[in-house]
Novice: 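Once you've had a glance at the structure underneath, I'll fire off some questions.
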Amino acid sequence: MAEANWYVVHTYSGYENKVKANIEKTIENRHLEEEILEVRVPMQDVVEVKNGARKNVQKKMFPGYVLINMVMNDDTWYVVRNTRGVTGFVGPGSKPVPLTEVEMRPLGIKTENISVDFGEGDTIAVIAGVWKDTVGAVQRMDYGKQTATINVELFGRETPVEISFAEIKKM
């Protein structure tokens, strides 16, 4: 079976949740659970201030877009493309382009779970990214986000920094 990738679908603005619900209902009706794995409308927490009152609300990260994890074939393309509210896939012409690892990372979407041989309190070395060649002790592990928090010295004081499991190794 072909590999599933994340694709971006353009929708009418304000129809993201409706499109998500329609695609999920079609998946159920046509038994496409093995081909269309997940449909997401990425949300983010935002603090709004109205009349001096602070309030946490969730807003869409990308209004007018829905993310779909699916195996691309003629059936799945047809089902998604012909869902009410969908204007098309993101990509040149009618050819959908899957998201890359780098594009998915800020969205909190992980394609693989990295198993690590270190834990809280262990000393690690950063082998890639902005903090490359930095050494520190692991303060906290977040297996959901696949990150470890370490303290680094920044401007003469200890500062916690979150680093991906892929960028660190045990000393």
Side-chain angles (χ1 to χ4, degrees), residues 1-11 13 16-17 19-21 23-24 27 32-50 53-72 76 80 89-91 96-171:
M1 189 165 116
E3 186 180 326
N5 289 305
W6 284 95
Y7 294 90
V8 180
V9 176
H10 189 262
T11 67
S13 192
E16 301 88 353
N17 292 329
V19 165
K20 179 181 188 244
I23 291 172
E24 287 172 344
I27 291 168
L32 295 172
E33 293 89 352
E34 298 293 317
E35 295 174 22
I36 302 176
L37 308 174
E38 188 176 352
V39 183
R40 272 196 195 177
V41 179
M43 305 291 272
Q44 65 183 350
D45 291 322
V46 179
V47 176
E48 279 187 354
V49 179
K50 282 189 181 174
R54 295 171 66 89
K55 190 167 132 187
N56 285 339
V57 290
Q58 282 209 319
K59 293 222 173 185
K60 292 180 183 91
M61 283 175 117
F62 310 108
Y65 295 95
V66 173
L67 302 177
I68 302 179
N69 188 11
M70 63 188 247
V71 175
M72 184 58 71
T76 57
V80 173
F89 281 93
V90 172
V97 177
L99 291 174
T100 63
E101 287 277 337
V102 175
E103 292 168 327
M104 292 186 314
R105 201 169 291 133
L107 303 175
I109 299 170
K110 296 289 179 217
T111 55
E112 61 182 81
N113 283 336
I114 300 170
S115 62
V116 292
D117 61 347
F118 55 83
E120 290 180 15
D122 288 342
T123 303
I124 55 101
V126 182
I127 56 172
V130 180
W131 299 101
K132 185 177 181 181
D133 299 327
T134 304
V135 175
V138 176
Q139 304 300 313
R140 196 167 45 101
M141 304 278 287
D142 187 335
Y143 292 98
K145 287 170 55 180
Q146 295 276 294
T147 60
T149 303
I150 66 167
N151 281 343
V152 297
E153 191 167 315
L154 188 64
F155 304 121
R157 63 168 56 147
E158 292 278 308
T159 306
V161 176
E162 197 173 68
I163 300 174
S164 168
F165 285 171
E167 298 176 350
I168 49 186
K169 70 173 184 175
K170 187 174 181 178
M171 294 272 301

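Computed from a predicted structure; not experimentally measured. Throughout, residue positions are numbered sequentially from 1 according to the sequence presented.
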Novice: Taking salt bridge (charged side-chain N to carboxylate O under 4.0 Å, His left out) as the test, write out the residues that go with Glu24, two or more places apart.
Specialist: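 Counting only residues at least two positions away or on another chain, Glu24 forms a salt bridge (charged side-chain N to carboxylate O under 4.0 Å, His left out) with Lys20.
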
Novice: Of all the heavy-atom pairs spanning Val138 and Ala148, show the shortest one and how long it is.
Specialist: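 Looking at all heavy atoms of both residues, the shortest contact is CG1-CB, 4.2 Å.
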
Novice: Can you list everything that forms a salt bridge (charged side-chain N to carboxylate O under 4.0 Å, His left out) with Glu38? Sequence neighbours excluded, please.
Specialist: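 Salt bridge (charged side-chain N to carboxylate O under 4.0 Å, His left out) check on Glu38 returns Arg40.
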
Novice: Drop me the distance from Asp122's CG to Met141's CE, to the nearest 0.5 angstrom.
Specialist: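 The CG atom of Asp122 sits 8.0 Å away from the CE atom of Met141.
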
Novice: Looking only at non-hydrogen atoms, find the nearest pair between Thr149 and Pro160 and report the distance.
Specialist: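 Heavy-atom minimum between the residues: CG2-CB, 3.9 Å.
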
Novice: Report the distance from atom CD of Glu162 to atom CZ of Arg140, rounding to the nearest 0.5 Å.
Specialist: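 So the CD of Glu162 and the CZ of Arg140 are separated by 6.5 Å.
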
Novice: At their closest point, which heavy atom of Gly121 faces which heavy atom of Ala137, and how far apart are they?
Specialist: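 Distance-wise, the nearest heavy atoms are O-CB, 4.5 Å.
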
Novice: If the condition is side chain to side chain donor-acceptor pair (under 3.5 Å), which residues does Thr100 pass it with, not counting sequence neighbours?
Specialist: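 Partners of Thr100 by the side chain to side chain donor-acceptor pair (under 3.5 Å) criterion, ordered by chain and then number, come out as Glu103.
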
Novice: Considering all heavy atoms of both residues, which atom of Pro96 and which atom of Tyr7 are nearest to each other, and what is their separation?
Specialist: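 Minimum heavy-atom contact is CB-CD2, 3.8 Å.
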
Novice: I need the Lys170 NZ to Thr123 OG1 distance, nearest 0.5 Å.
Specialist: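 That separation rounds to 9.5 Å.
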
Novice: Check Val135, Val161, Thr134 against Val126 for a side chain to side chain contact (heavy atoms under 4.5 Å, CB included) and give me the one that passes.
Specialist: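 Checked Val135, Val161, Thr134 against Val126; only one passes side chain to side chain contact (heavy atoms under 4.5 Å, CB included): Thr134.
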
Novice: How would you list, by chain and number, every residue that makes a side chain to side chain donor-acceptor pair (under 3.5 Å) with Gln139, sequence neighbours excluded?
Specialist: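 Listed in chain order: nothing, the list is empty.
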
Novice: Can you tell me how far apart CD1 (Ile127) and CD1 (Ile168) are? Round to the nearest 0.5 Å.
Specialist: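 If I round to the nearest 0.5 Å, the distance is 8.5 Å.
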
Novice: Tell me, please, which residues at least two apart from Thr76 pass side-chain contact (heavy atoms from CB on, under 4.5 Å).
Specialist: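 Once residues adjacent in sequence are excluded, the partners of Thr76 under the side-chain contact (heavy atoms from CB on, under 4.5 Å) criterion are Glu35, Ile36, Met70, Met72, Asn73.
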
Novice: Under 3.5 Å, sequence neighbours excluded: what are the donor-acceptor pairs made by side chains of residues 53-69?
Specialist:
unit_1	atom_1	unit_2	atom_2	d
Gln58	NE2	Asp45	OD1	3.3
Lys59	NZ	Glu48	OE2	2.9

